[in-house]
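Taking it in order: structure first as structure tokens, then the write-up.
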Number of protein chains: 2
Amino acid sequence: MGRQVVNRKIFVSAKEVAHRAGVSRSAVSRTFTPGASVSEETRRRVVEAAEALGYHVNHLARGLMRNESGIVCLIVSELDTPYRASLIRALTRQLQSASKVAMLINTDRSDNSVDQALRQAISYRADASIILSGMPDKSITELCVKSGQRLVLINRDEQRDGALRINLHDREAARRAFIAFLRAGCRSFAFANSDVGTPSLMAREEGFRAAGREHGFEITIERYGPTRYQSGVVLAQRLLTREARPDAIFCANDLLACGLMDTARHQFRLTVPDDLCIIGFDDIEQSSWSSYNLTTFSQPVDRIAEEAVSWLAQPILSDENSCKLEAQLVWRGSVRGG
Amino acid sequence: MGRQVVNRKIFVSAKEVAHRAGVSRSAVSRTFTPGASVSEETRRRVVEAAEALGYHVNHLARGLMRNESGIVCLIVSELDTPYRASLIRALTRQLQSASKVAMLINTDRSDNSVDQALRQAISYRADASIILSGMPDKSITELCVKSGQRLVLINRDEQRDGALRINLHDREAARRAFIAFLRAGCRSFAFANSDVGTPSLMAREEGFRAAGREHGFEITIERYGPTRYQSGVVLAQRLLTREARPDAIFCANDLLACGLMDTARHQFRLTVPDDLCIIGFDDIEQSSWSSYNLTTFSQPVDRIAEEAVSWLAQPILSDENSCKLEAQLVWRGSVRGG
DNA sequence: GGAACCATTGCACACGCTTGCAAGAGCGTA
DNA sequence: TACGCTCTTGCAAGCGTGTGCAATGGTTCC
């Protein structure tokens, strides 16, 4: 009947375990500290007592002492996007293998929320932060680095002292996309981009345009909205109603490509790849679905996660903090003559 | 040239802020504790010093003192699945609005890893854990509850004392799916399920079969693999090669439905909805893409997240810890005569 | 002017843990 | 027996906070 305030948590502490096992608190602590000096007999008794009481080392207190929380913050917006989600999955896996734990911070809200997220990371004394979306203010990243917190930037191309930058060879990939179109016999090229202007997206655009120029072709460029399916729909409507309709479209992103392809087929009655060749980027799961069967570049998410986590794990910072990975071309059916 | 060990973190503490502001450490603490008694003048000086030094309250230490870490664990496997990803997105949003932070634990690995995840949650003295995948052992959930940690089970139908269970009216939804098929003129019904046997999936199967029985129809049931696209492909191959080919298939899941629909169209040359009506479940983003245009039931992810977080936030546990929400039927083009 | 009250502030303890240090135990050797 | 060595163990300090308690100073009221 009583209003019971449950706020009161009552976890069992090392003291209680020590009491039950008939040893000192230090012995308990050492039992759960790899490499510490404890006799086999003591360890046995401590483990038994801990088991019986349901004891778990308090990582908050341990982090306070060791000055190492084991927490790594993942800072991301729109995390339900297929590519983002699979990257998060790979990262959490790798982090857990390295005995770290991921703290997920959603920056969907406002623009400065990446800064807020980093402050959060500092408050929890995270060992590191991995930024998948947006770009924080320079002052705050400097504070992170100065405080000894590691920083990883994935597909953010900006320079930040002391941070690890992981990027893809976007320009080279774009060049290969162009060559693929050319070999397929295409003669009118377009690039479908979002208007968010992320460096990696712009690099793809630039690389594609440059490759076109080298071969004497002018590339039609259209930009609209966020990098989502619905933007692809709009981009298709803009590109496919032009007087000189492109027969090859490189999309900044698979989501754009899906929206564009659906619209090309269902609204404009075009056949892919006969009337129109399409290449995307990311190799999200949907690209392999038979409705799309999209030729695209795969992001090596496992490699990215591996690079990030192994950099975090090493005790010594190397001088070179930039890592460029290759995006592999996945041949499917949206380009003629794969 | 020196091997510089960077392990050493050097965050600024309240003591330093106090020194710079010329006040006691308590004053600093009170400045950052809502509702504490500090004069306007002191607060101003403290805030200024904190700003200058880049001070952030140590949430580890605060959590230790307050016995409330602010951490909520999300325990999930296969988080790159569209439905899971959008649920996680909604949850992180809501948690952040409630000044909590999400710790993401990936349980892809082994079977007992949900138990491991909960131990992790206990170690970090999480205020609560939200379980989206799998089911932990009873002993460990009891330990959580006994320790005063909140527990939320989403779409896990098992009873656990002290935990909040959030579920959908799966059986009722399945019944409505059957009625929709019946009204569309279908006469041969099938249910396409995965073989993982999650209670909510089984409830859909059971509800669909029961509705069929009531109307004098026997339902064909096929189960295969995980709840993913590729399983839908296999299920289509099994169901559509039967002598009595179904003209209505209710899929346990949108991913299954997408795989099944693609296969029905591209491999069996069937037209949806003329030859075959399909209904899915979850309303993932892809279902609204024009290639699928799938009639399905929407999971109210925002409502789910809201329910979960508001239950965590309230200081007093109510007696009734079960919450059933309705899945809304989203009419699209995969059933005749919507 | 004195009493009563209030807001503010500093002191010191507590939270649960790790770890340096010194002491104790056990043992082999001279 | 005395000595030196190794392994184990307890003590106590300290990590960065929050907060009860008492002291201080200022204001109001009689």
Side-chain angles (χ1 to χ4, degrees), chain A residues 7-46 49-50 53-71 122-127 147-149, chain B residues 7-47 49-50 53-71 122-127 147-148:
Chain A
N7 180 320
R8 226 54 209 146
K9 295 214 238 44
I10 30 146
F11 292 97
V12 24
S13 74
K15 189 159 69 177
E16 305 168 51
V17 176
H19 182 75
R20 177 171 178 131
V23 298
S24 76
R25 260 209 331 272
S26 323
V28 178
S29 182
R30 285 193 246 262
T31 298
F32 294 104
T33 302
S37 163
V38 207
S39 74
E40 213 41 62
E41 168 63 8
T42 316
R43 152 166 282 127
R44 199 188 52 70
R45 292 167 63 188
V46 168
L53 295 173
Y55 170 74
H56 291 81
V57 177
N58 187 331
H59 277 51
L60 266 44
R62 170 178 279 182
L64 194 55
M65 266 305 295
R66 291 218 182 132
N67 203 16
E68 187 175 357
S69 62
I71 296 172
I122 292 177
S123 289
Y124 276 98
R125 298 302 188 258
D127 297 339
S147 304
Q149 191 183 72
Chain B
N7 181 320
R8 228 54 211 145
K9 295 213 238 46
I10 32 146
F11 292 97
V12 24
S13 74
K15 190 159 67 177
E16 305 168 51
V17 176
H19 182 75
R20 178 172 177 127
V23 298
S24 78
R25 207 186 44 72
S26 319
V28 178
S29 182
R30 286 193 244 262
T31 298
F32 294 103
T33 302
S37 162
V38 206
S39 74
E40 213 43 61
E41 167 63 6
T42 314
R43 151 167 282 126
R44 200 187 51 71
R45 294 168 62 188
V46 169
V47 167
L53 295 174
Y55 170 74
H56 290 81
V57 177
N58 187 331
H59 276 49
L60 267 43
R62 170 179 278 183
L64 193 56
M65 267 303 296
R66 289 217 184 132
N67 202 16
E68 187 175 357
S69 61
I71 296 173
I122 292 177
S123 288
Y124 276 99
R125 298 300 188 260
D127 297 339
S147 304

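Reminder, nothing fancy here: chain letters follow the sequence lines and each chain counts from 1.
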Between the protein and nucleotides 14-19 of chain C, which nitrogen or oxygen pairs come in under 3.5 angstrom?
{"from": "C:dC17", "atom 1": "OP1", "to": "A:Tyr55", "atom 2": "OH", "distance (Å)": "2.7"}
{"from": "C:dC17", "atom 1": "OP1", "to": "A:Asn58", "atom 2": "N", "distance (Å)": "3.3"}
{"from": "C:dC17", "atom 1": "OP2", "to": "A:Ala14", "atom 2": "N", "distance (Å)": "2.6"}
{"from": "C:dC17", "atom 1": "N4", "to": "A:Arg25", "atom 2": "NH2", "distance (Å)": "3.3"}
{"from": "C:dT18", "atom 1": "OP1", "to": "A:Arg62", "atom 2": "NE", "distance (Å)": "2.6"}
{"from": "C:dT18", "atom 1": "OP1", "to": "A:Arg62", "atom 2": "NH2", "distance (Å)": "2.8"}
{"from": "C:dT18", "atom 1": "OP2", "to": "A:Ser29", "atom 2": "OG", "distance (Å)": "2.2"}
{"from": "C:dT18", "atom 1": "O5'", "to": "A:Ser29", "atom 2": "OG", "distance (Å)": "3.4"}

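No side-chain donor-acceptor contact under 3.5 Å links A:Arg25 to the backbone of A:Lys15. With B:Glu68 contributing its side chain and B:Asp127 its backbone, the two residues share no donor-acceptor pair below 3.5 Å. Put simply, the side chain of A:Ser123 never gets that close to the backbone of B:His59: no donor and acceptor are under 3.5 Å apart.
Each end of the helix from C:dG1-D:dC30 to C:dA30-D:dT1 gets its own axis from five base pairs, and the two axes differ in direction by 50°, given to 10 degrees.
Between the CD1 atom of B:Ile10 and the C1' atom of D:dG16 there is a distance of 16 Å, given to the nearest Å. In this structure, the CD atom of B:Glu68 is 10 Å from the P atom of D:dT19, given to the nearest Å. If you measure from atom CD of A:Glu41 to atom P of C:dA25, you get 17 Å, rounded to the nearest angstrom.
The structure places CD1 of A:Ile122 at 11.5 Å from NZ of B:Lys9, a figure rounded to the nearest 0.5 Å. Note that the CE atom of A:Met65 and the CG atom of A:Asn67 stand 9.5 Å from one another [nearest 0.5 Å]. From B:Arg45, atom CZ reaches atom CZ of B:Arg20 across 12.0 Å, with rounding to the nearest 0.5 Å. Going from atom CZ of A:Arg62 over to atom OH of B:Tyr124 covers 9.0 Å, rounded to the nearest 0.5 Å.
Under the rule for a side-chain contact (heavy atoms from CB on, under 4.5 Å), the partners of B:Ala27 that lie at least two apart in sequence or sit in another chain are B:Val23, B:Ser24, B:Thr42.
Residue B:Ser39 places none of its side-chain N or O atoms closer than 4.0 Å to OP1 or OP2 of C:dT8.
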